[in-house]
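Take a look at the structure below.
In the text below, chain A, chain B and the rest are named by the order of the sequence lines, each starting its count at 1.
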There are 2 protein chains.
Amino acid sequence: MQHYGHVEKVRLLVVDDDPPIADLVATVARYEGWEAVTANSGEEALRRAAEFHPDIVVLDLMLPGLDGFAVLDRLRLSGTMVPVVFLTARDGVADRVAGLTRGGDDYLVKPFAVEELMARLRTVLRRSAGPAFQRSVLAVADLTMDEDTREVRRGERLLTLTPTEYEVLRYLMRKSPTVLTKAQILDHVWEYGFGGRSNVVELVISRLRRKLDGDGDGTDRNGTDGNGTDGSGTDGSGGDGAGRDGPQLIHTVRGVGYVVRQVAG
Amino acid sequence: MQHYGHVEKVRLLVVDDDPPIADLVATVARYEGWEAVTANSGEEALRRAAEFHPDIVVLDLMLPGLDGFAVLDRLRLSGTMVPVVFLTARDGVADRVAGLTRGGDDYLVKPFAVEELMARLRTVLRRSAGPAFQRSVLAVADLTMDEDTREVRRGERLLTLTPTEYEVLRYLMRKSPTVLTKAQILDHVWEYGFGGRSNVVELVISRLRRKLDGDGDGTDRNGTDGNGTDGSGTDGSGGDGAGRDGPQLIHTVRGVGYVVRQVAG
DNA sequence: AGTTCATCGACAGGAAAACGACAGCTCGCG
DNA sequence: CGCGAGCTGTCGTTTTCCTGTCGATGAACT
């Protein structure tokens, strides 16, 4: 039915017996402009699926009563072809799940990172939308990211990013030119329930900068101005952070967070 | 995407009384951009065939009621020349089937691997597409694979691959330059219902690398790097992973999976 | 100047991947 | 019908390198 790319909102059904988790996912999805409903049991899931007609389903496999596998079977038996993204416990039934991803489905291990889940949902939707091969490429200035091949390049230069770096950058690029707080980045990119409050984000940003701004000594702090609204101001200090590859793209907004964009202002 | 010459979408009819199996096949086919419909009984199959006019049919021989042989007869009697790929149980009527494949049809034993089935479908389609059957040759950099002759070569050198290695490589090449996860590879190349969670994939990749990257001492980790992007950084240091035949083509994307592609710059 | 916030080098624990070695199987050949 | 070769997959070890913590240095704001 509806497909990604369509004008209408994506309809998502989230099935998880842990309400907080289900809500978390639903909330993020709604934030992206999707319509989302949740179900906390297998039975409810089937009921919701029947009336809501989701375009995609997030299904926890460990459900009391009618478990995820059973729900999947019933869904398929009723002729529905909705793509499904499964959630499984770390060491749980991961093996059995593997066999289910052949279709267009996919799966994720709990605890997962929200951005990771959203990324998979988008991918699955894109693929199930038919001749599937429109690639999804994010771009900001001369920085591009191909989500299928995972190739990231600054201009011509191909960058080598670690998984975490890749995730953070993707989130920043996707939201560009919005400024994101460290908390937001932490919440989206790290697994939910990541206790470690630390400067991890700063760390990753630092490493990212070095790689994509080619910037050795970089440290050009410029974006800076105080309050969120970024505004214009900033630069000032001369060097626009050009390390070797052009202007700096990751800017620090002191007291707020980070943003990826061409300098502006 | 993958071309057989058809401009329009391939129309596939899948006949299997086990809905999950039929759906599995249909889903994968749709992924490839085909149009697919399923039928769960012989009667339904004939009905669907009449209205859908498939270009090719996947037909399970063990159907309750009107069985596969009967369905085939009726189809032929009605003048249809659609090529058919049969599915049979491991020890079942394999012999009798042999006699049916004359027309250019083919058959596969259950349980099968999805990629294997898709490969046969493509082959049969190609042959039935007219006398002028172009060969289907996959190529990535100087690595080529002829799906008809099963010849694989790196540059001039002919490689000797075992069945499993061949399948894995074909899947990787077909999807190149997309990064595939181990789960995807496992799901496509191994028979459905292969529970084994193990490092088989890593193993095969390792063996493939040794053969096609000519890599004796191998372990040239270079392409390998973090996520996705690999690449550039590497070169420099002399070894481009070139064992003897050029740059490494199978790259590890840590935390994600594997890709076949030229490092590109 | 003092205080707060950010950057980044260095290090260690640990997760993921590579790979050698071995055993069960299949299949072809004698 | 039995033997042997090659293919596969499991185990366990080794290697690689990703990640987050600490702490010192440096900027920016008040």
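Using modelled atom types, one side-chain atom of B:Arg261 and one backbone atom of B:Pro177 make a donor-acceptor pair closer than 3.5 Å. One N or O on the side chain of A:Ser176 and one on the backbone of A:Val260 form a donor-acceptor pair closer than 3.5 Å.
For C:dT7, one of the phosphate oxygens OP1 or OP2 lies less than 4.0 angstrom from a side-chain nitrogen or oxygen of A:Arg209. At least one side-chain nitrogen or oxygen of B:Thr252 sits closer than 4.0 Å to the OP1 or OP2 atom of C:dA18. Between B:Ser206 and the phosphate of C:dC19, there is a side-chain N or O to OP1/OP2 separation shorter than 4.0 Å. For C:dA17, one of the phosphate oxygens OP1 or OP2 lies less than 4.0 angstrom from a side-chain nitrogen or oxygen of B:Lys182. Within the 4.0 Å cut-off from OP1 or OP2 of C:dA18, at least one side-chain nitrogen or oxygen of B:Tyr258 is found.
Atom CG in B:Leu208 sits about 12 Å away from atom P in C:dC19, given to the nearest Å. In this structure, A:Asn199 atom CG and C:dA10 atom P are separated by 16 Å, rounded to whole Å. Whole-Å rounding puts the A:Gln248 CD to C:dT7 P distance at 9 Å. Atom CZ of B:Arg210 is separated from atom P of C:dA18 by 12 Å (rounded to the nearest Å). At whole-Å resolution of the value, CD1 in A:Ile250 and P in C:dC8 are 11 Å apart. For B:Glu202 and D:dT16, the CD to P distance is 16 Å, given to the nearest whole Å. Summarising the geometry, the separation between NE2 on B:His251 and C1' on C:dA18 is reported as 16 Å, rounded to the nearest angstrom. One atom, CD of B:Glu191, and another, P of C:dC25, lie 15 Å apart when rounded to the nearest Å.
Taking the screw axis at each terminus of the helix from C:dA1-D:dT30 to C:dG30-D:dC1 from five consecutive base pairs, the angle between the two is 30° to within rounding of 10 degrees.
The distance from the OG atom of B:Ser206 to the CG atom of B:Asn199 is 10.0 Å, given to the nearest 0.5 Å. Atoms CD1 and CG, from A:Ile250 and A:Leu208 in turn, are 4.5 Å apart once rounded to the nearest 0.5 Å.
At a threshold of 4.5 Å between non-hydrogen side-chain atoms, the residues B:Leu61 and B:Tyr107 do not count as touching. Side-chain atoms of A:Leu87 and A:Phe112, non-hydrogen and from C-beta on, do get closer than 4.5 Å to each other. Two residues are said to be in side-chain contact when any heavy atoms from C-beta on lie closer than 4.5 Å; B:Leu117 and B:Val85 meet this criterion. At a threshold of 4.5 Å between non-hydrogen side-chain atoms, the residues B:Val201 and B:Val168 do not count as touching.
Contact of B:Arg254 with C:dA17 (side chain to base): no donor-acceptor pair of N or O atoms is detected under 3.5 Å.
Not counting sequence neighbours, the partners of A:Tyr171 by the ring-ring contact (aromatic ring centres under 6.0 Å, His included) test are A:His188.
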I'd like a table of atom pairs between the protein and nucleotides 6-9 of chain D - only N or O on both sides, under 3.5 Å - with the distance next to each one.
| from | atom 1 | to | atom 2 | distance (Å) |
| --- | --- | --- | --- | --- |
| D:dT8 | OP1 | B:Pro163 | N | 3.4 |
| D:dT8 | OP1 | B:Thr164 | N | 2.9 |
| D:dT8 | OP1 | B:Thr164 | OG1 | 2.7 |
| D:dT8 | OP2 | B:Thr162 | OG1 | 2.6 |
| D:dT8 | O5' | B:Thr164 | OG1 | 3.0 |
| D:dG9 | OP1 | B:Trp190 | NE1 | 2.7 |
| D:dG9 | OP2 | B:Trp190 | NE1 | 3.4 |
| D:dG9 | N7 | B:Arg207 | NH2 | 2.9 |

